[in-house]
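Structure record follows, encoded as structure tokens.
A note on names: the letters A, B, ... follow the listed sequences, proteins ahead of strands, and every chain is numbered from 1.
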Number of protein chains: 2
Amino acid sequence: MTATNGGPTRARQDTVAAVVRQWQAVHPDLDTAPMEIIGRINRCAALFQQAEDAPLRRAGLSRPEFDLLGALRRTAHELTPSELARETFSSGAAVTKRLKQLTERGLVERRGDARDRRVAHVRLTDAGRALVDGILPEQLAYETALLSGLNPQGQSELAALLGDLLGQLEGRLRALRA
Amino acid sequence: MTATNGGPTRARQDTVAAVVRQWQAVHPDLDTAPMEIIGRINRCAALFQQAEDAPLRRAGLSRPEFDLLGALRRTAHELTPSELARETFSSGAAVTKRLKQLTERGLVERRGDARDRRVAHVRLTDAGRALVDGILPEQLAYETALLSGLNPQGQSELAALLGDLLGQLEGRLRALRA
DNA sequence: AGCAAGTGTTTTACTCGTAAAGTATTGCGC
DNA sequence: GCGCAATACTTTACGAGTAAAACACTTGCT
């Protein structure tokens with residue numbers, strides 16, 4: 001009974017399936033199909049949040065903090081607070097607070113804009129860059145391990161489907177805002 | 001160019017793909033595959049949280065509150081606070097606070113256990129049950145609409161893959177605790 | 001019976017995010 | 001060049017979640 005590939009991988013039941021069964025019993029007429037996607041995505045995200053933060057926590061970083069540092073690292077140039085807010089999908093106020101802490105810890109530096117004194121430019125310090133580069137491989141290895149229960153083909157199918165869904169959602173939200 | 005079925009649905013780019021490309025440019029040696037799943041799940045969950053709450057918000061409920069009411073409704077009998085915490089994957093303290101508010105709003109009732117006076121039993125009031133039954137179809141219709149960008153086959157594949165993944169994750173976490 | 005350990009729930013102190021108001025600065029229209 | 005809307009960021013007030021301590025009660029051991 002190889003569960004790693006090929007065979008009809010009848011996996012262990014997940015909690016969402018049980019919840020859906022309960023709803024079906026109480027409201028047999030309801031179309032509970034969306035729960036099987038949205039409920040599971042939410043639950044997976046919650047579990048990732050708990051599990052995934054383990055390597056980050058060792059470095060004393062929360063995920064939002066790491067996201068901020070990561071945005072600076074991956075764009076490879078300075079960003080303003082509002083750009084950071086956009087990149088990390090968080091509010092400006094949250095970015096302000098996180099920057100304050102990260103600055104105190106010596107992981108980022110700020111510099112005022114010469115032309116427009118309203119704007120600040122934020123960049124990683126050497127320590128900040130080293131921290132990100134040190135954590136990221138560890139973090140990715142950890143995530144790889146979390147996903148390893150799914151066979152490679154399942155993983156790429158899942159990634160593709162999620163990319164599809166996310167593309168649609170983001171397009172729709174952009175449309176709503178416009 | 002039918003995007004609804006069959007054809008090579010080359011969907012609109014999602015933001016996670018762009019982020020992964022940036023990382024690849026900076027660290028070409030890194031295996032960024034897990035981001036394409038975990039990053040997307042997290043981002044989808046965040047978008048759902050914003051979007052999905054719209055129908056609930058009209059009823060003045062947050063999602064955690066609705067989850068609590070839903071747990072009472074779908075199990076169709078009374079639950080203790082600790083059972084509610086387990087069902088809704090939240091801490092006991094959070095349940096205590098939510099129960100306080102929901103009780104004040106007349107949506108749930110509490111009753112002490114005769115045998116063991118530490119435990120409380122919580123049940124929906126008629127108003128609470130009516131609220132859940134009124135909102136749920138609306139909520140499901142809304143969720144169906146959110147997912148409608150994905151064709152039916154994609155949806156069931158996605159649900160199955162997520163069920164697989166979630167089953168593995170939950171199994172693993174249970175193992176860690178044990 | 002009486003006390004220690006265990007269990008169910010609540011309280012407390014704290015962190016973190018947000019919305020809304022506040023501050024500082026720019027640049028447009030006249 | 002002067003006022004005023006717009007922009008960039010910060011501050012404030014607050015709501016919600018958590019971990020750890022506190023509380024209330026039960027149960028098992030002697």
Salt bridge check, [Y] against [X]: does any charged N sit closer than 4.0 Å to a carboxylate O?
X: A:Glu78; Y: A:Arg110; answer: no
X: A:Glu65; Y: A:Lys97; answer: no
X: B:Asp116; Y: B:Arg118; answer: yes
X: B:Arg40; Y: B:Glu36; answer: yes

Exercise. Quick one: what's the B/S/- string for nucleotides 13-26 of chain C, heavy-atom cutoff under 4.0 Å, read 5' to 3'?
Worked result: B---BBB----BBS
Write down the distance between [atom1] ([X]) and [atom2] ([N]), rounded to a whole number of angstrom.
X: A:Leu79; N: D:dA8; atom1: CG; atom2: C1'; result: 15 Å
X: B:Arg63; N: D:dA16; atom1: CZ; atom2: P; result: 15 Å
X: B:Asp67; N: D:dG17; atom1: CG; atom2: C1'; result: 15 Å
X: B:Glu83; N: C:dT9; atom1: CD; atom2: C1'; result: 13 Å
X: B:Glu87; N: C:dG8; atom1: CD; atom2: C1'; result: 17 Å
X: B:Lys100; N: C:dT10; atom1: NZ; atom2: C1'; result: 10 Å
X: B:Asp113; N: D:dT26; atom1: CG; atom2: C1'; result: 12 Å

Contact check, side chains of [X] and [Y], non-hydrogen atoms, under 4.5 Å:
X: A:Leu47; Y: A:Gln50; result: yes
X: B:Glu170; Y: A:Cys44; result: no
X: A:Val19; Y: B:Arg74; result: yes

Seminar exercise, completed: Output for pair (B:Asn42 CG, A:Phe89 CZ), nearest 0.5 Å, gives 11.0 Å
Problem set entry | A:Leu150 CG to B:Ile37 CD1 distance, which is reported to the nearest 0.5 Å | 6.5 Å
Problem set entry | Donor-acceptor pair between A:Thr32 and A:Gln24 side chains, under 3.5 angstrom | yes
For this session: Compute whether any side-chain donor of one residue and acceptor of the other, for B:Ser90 and B:Arg98, lie under 3.5 angstrom apart.
Result: yes
Extract from the structure each pairing of a protein N or O with an N or O of nucleotides 3-5 of chain D at less than 3.5 Å, listing the distance.
none

Problem set entry | Residue-phosphate contact under 4.0 Å: B:Thr80 side-chain N/O, C:dT9 OP1/OP2 | yes
Exercise. Which nucleotide in the list D:dA8, D:dT11, C:dT9 gets nearest to the side chain of A:Val119?
Worked result: D:dA8
Problem set entry | Nucleic acid contacts of residues 105-112 of chain A, taken as heavy-atom distances under 4.0 Å to DNA chain C | none
